[in-house]
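Okay, so here's the structure we're looking at.
Small disclaimer: the values here were computed from a predicted structure and weren't measured. Letters go in sequence order (proteins before strands), and every chain restarts at 1.
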2 protein chains.
Amino acid sequence: MQNILLGFLSKYITLTPEEKDAIFSLDIFHLFKKGTTLLKEGQKTKESYFVLKGCIRTYYVIDGEEKTTAFYAELEGVTPPCVLTQTPSDYYISCTEDSIVLISDAEMGAVVNAKFPRFETLCRIFSEELLAKQQIDFDAFKTSSPEQRYLNLIQKRPDLIQRVPQHQLASYLGIKPQSLSRLRARIIERKS
Amino acid sequence: MQNILLGFLSKYITLTPEEKDAIFSLDIFHLFKKGTTLLKEGQKTKESYFVLKGCIRTYYVIDGEEKTTAFYAELEGVTPPCVLTQTPSDYYISCTEDSIVLISDAEMGAVVNAKFPRFETLCRIFSEELLAKQQIDFDAFKTSSPEQRYLNLIQKRPDLIQRVPQHQLASYLGIKPQSLSRLRARIIERKS
DNA sequence: AGCATTTCTTAACTTAAGTGAACGAGTGGA
DNA sequence: TCCACTCGTTCACTTAAGTTAAGAAATGCT
């Protein structure tokens with residue numbers, strides 16, 4: 001498992017043995033099997049999750065049904081709202097694939113901020129950009145039909161359609177799996 | 001008009017004549033009539049809008065139809081995504097009521113940041129909180145039906161239902177005005 | 001390989017939103 | 001004051017999503 005992490009990291013940076021030791025003693029990188037739950041509803045956490053490899057999803061359980069609201073794949077990350085509100089989480093986070101996830105902590109952030117003030121600027125810019133992106137996504141969702149949302153997803157995130165189960169995709173699009181099947185059949189029908 | 005601004009401000013802080021002059025020379029506060037457009041589609045801007053009194057809305061025009069995606073009332077604000085992406089705006093911003101709006105500029109932010117480093121921390125926290133709120137709202141929208149969204153709106157933003165025209169509310173809920181009428185009739189029917 | 005489980009699709013039926021049109025109430029302007 | 005216009009509601013009809021059920025296909029486990 002450590003080899004997988006090191007192999008992955010070596011694609012990006014060259015590490016001295018000391019640095020490798022330092023990284024593992026930091027206990028920041030984690031390898032999870034597909035299906036592993038990182039956060040459960042009702043649980044309190046101060047952790048943020050950043051995906052290096054694989055894919056994780058956030059979902060609510062409403063009336064016994066899973067409602068997937070977001071996917072985070074390579075180089076994407078989440079800080080659950082409950083981290084900021086200091087309340088139990090409203091949703092679950094779990095891995096849709098075997099994944100390497102960087103897990104960081106509010107306290108860790110504070111330590112880094114104290115050492116490197118420029119890190120704060122980075123975080124502000126990062127979070128402002130995320131906010132803008134999220135706003136655009138939200139607007140796109142509101143102003144389009146399920147079918148348009150699906151067609152849009154094909155354009156913007158073709159990988160998701162391949163790697164994620166249909167029923168999770170469906171709830172991500174705000175519809176039932178049966179409706180997604182039908183909708184896809186409709187699109188293919190129209191093409192031919 | 002300056003009296004209205006001063007009257008409003010005096011509820012919160014006491015100002016010396018010099019400060020009053022300083023405020024107006026800053027040219028930060030603006031009074032707009034209902035219906036005034038602050039930002040047009042295709043326009044470039046570096047401005048953020050913060051509502052002190054009244055209410056503004058953001059909307060797209062898609063196939064000649066207005067699609068309202070957000071309302072900002074007292075003590076709420078927006079930075080349009082186009083400010084960050086440096087591209088022409090995709091949407092309009094206009095006043096749904098006579099409003100007092102604080103308009104600030106990316107450059108102004110930089111100046112303030114340089115003078116007061118703690119201001120950066122404030123901005124980061126503010127934008128992280130906004131991000132969390134937005135995420136919660138987005139999730140709530142995705143996981144609920146138009147009717148649930150309307151019922152939710154009654155709980156969370158009862159003021160909007162009173163002060164905003166139905167057809168804008170409808171598009172904010174992601175439906176047509178006729179559907180909103182029907183939906184409301186359905187709810188009343190069920191109560192009795 | 002064989003069995004159980006999950007996942008995806010199809011179908012028939014129900015429910016709710018979209019569409020186009022008409023009507024009355026309210027609003028603003030000449 | 002009167003006219004035109006906007007706004008909200010209602011109705012009839014269309015379209016698409018929800019629901020329930022069944023079966024085929026893929027997956028996982030032993």
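Residues Ile154(A) and Leu183(A) share a single hydrophobic cluster, defined by chaining ILVMFWY side chains whose heavy atoms lie under 4.5 Å apart. Hydrophobic clustering keeps Leu84(B) apart from Val78(B) (ILVMFWY residues linked when any side-chain heavy atoms are closer than 4.5 Å, directly or through intermediates). Cluster annotation: Ile161(B) is connected to Tyr172(B) through the hydrophobic network of ILVMFWY side chains, with a link wherever side-chain heavy atoms come within less than 4.5 Å.
Side-chain atoms of Gln168(A) never come within 3.5 Å of backbone atoms of Pro165(A) as a donor-acceptor pair (strictly under, hydrogens ignored).
The minimum heavy-atom distance between Thr68(B) and Arg57(B), with the atom names listed, is OG1-NE, 3.2 Å. Pairing each heavy atom of Pro81(A) with each of Gln135(B), the nearest pair is CD-NE2, 3.8 Å. Residues Leu39(A) and Pro80(A) approach most closely at CD2-CG, 4.0 Å, considering heavy atoms.
Listed by residue number, Gly174(A), Ile175(A), Lys176(A) are the residues of residues 167-176 of chain A with a heavy-atom contact under 4.0 Å to DNA chain D. Looking at residues 61-69 of chain A, you'll see that no heavy atom sits under 4.0 Å from any atom of DNA chain D. For DNA chain C, the neighbouring residues in residues 154-165 of chain A, judged by any heavy atom under 4.0 Å, are Pro165(A).
Per the geometry, CZ belonging to Arg186(A) stands 13 Å off P belonging to dT10(C), to the nearest Å. Rounded to whole Å, atom P of dT10(C) lies 12 Å from atom CG of Leu180(A). dG18(D) atom P lies 14 Å from atom CD of Glu147(A), rounded to whole Å. Between the C1' atom of dA17(C) and the CG atom of Leu183(B) lies a distance of 10 Å, rounded to the nearest Å. Spacing between atom NZ of Lys33(A) and atom P of dC29(D) amounts to 11 Å, rounded to whole angstrom units.
Annotation: side chain to side chain contact (heavy atoms under 4.5 Å, CB included) contacts of Arg157(A) (sequence neighbours excluded): Ala73(A), Glu76(A), Leu153(A), Asp159(A), Leu160(A). In terms of the side chain to side chain contact (heavy atoms under 4.5 Å, CB included) criterion, residue partners of Thr58(B) (sequence neighbours excluded) are, by chain and number, Thr69(B), Ala70(B), Tyr72(B), Tyr91(B), Ile93(B). Asp90(B) meets the side chain to side chain contact (heavy atoms under 4.5 Å, CB included) test with Tyr60(B); sequence neighbours excluded. Scored by the ring pair (Phe, Tyr, Trp, His ring centres under 6.0 Å) test, Tyr92(B) finds Tyr59(B) as partners (sequence neighbours excluded).
The base of dG18(D) lies close enough to the side chain of Arg182(A) for a donor and an acceptor atom to sit less than 3.5 Å apart. The base of dG8(D) does not come close enough to the side chain of Arg184(B) for any donor and acceptor atom to sit less than 3.5 Å apart.
The hydrophobic cluster analysis finds Val83(A) isolated: no Ile, Leu, Val, Met, Phe, Trp or Tyr side chain comes under 4.5 Å of it, directly or through other members.
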Donor-acceptor pairs are to be reported for all side-chain atoms of residues 98-106 of chain A against protein atoms at under 3.5 Å, with residues two or more places apart or in another chain.
residue: Asp98(A); atom: OD1; partner: Lys34(A); partner atom: N; Å: 2.7
residue: Ser99(A); atom: OG; partner: Cys55(A); partner atom: N; Å: 3.0
residue: Ser99(A); atom: OG; partner: Cys55(A); partner atom: O; Å: 3.4
residue: Ser99(A); atom: OG; partner: Glu97(A); partner atom: O; Å: 2.8
residue: Asp105(A); atom: OD2; partner: Glu107(A); partner atom: N; Å: 3.1

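A salt bridge is defined here as a Lys NZ or Arg NE, NH1 or NH2 lying under 4.0 Å from an Asp or Glu carboxylate O, and Glu129(A) with Lys133(A) fails to meet this definition.
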- Scan nucleotides 21-30 of chain C nucleotide by nucleotide, 5' to 3', and note B when protein non-hydrogen atoms come under 4.0 Å of the base, S if they reach only the sugar-phosphate, - if neither. B---------
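Using a 4.5 Å heavy-atom cutoff, the side chains of Lys40(A) and Ser89(A) are not in contact.
Residue Ser181(A) places at least one side-chain N or O closer than 4.0 Å to OP1 or OP2 of dT9(C).
Applying the salt bridge (Lys or Arg N to Asp or Glu O under 4.0 Å) definition to pairs two or more places apart or across chains, those involving residues 166-183 of chain B are Glu65(B)-Lys176(B).
When distances are taken from the side chain of Gln166(B) to each of dA17(C), dA17(D), dT9(D), the shortest belongs to dT9(D).
Fit an axis to the five pairs at each end of the helix from dA1(C)-dT30(D) to dA30(C)-dT1(D) and the two axes sit 50° apart, to the nearest 10 degrees.
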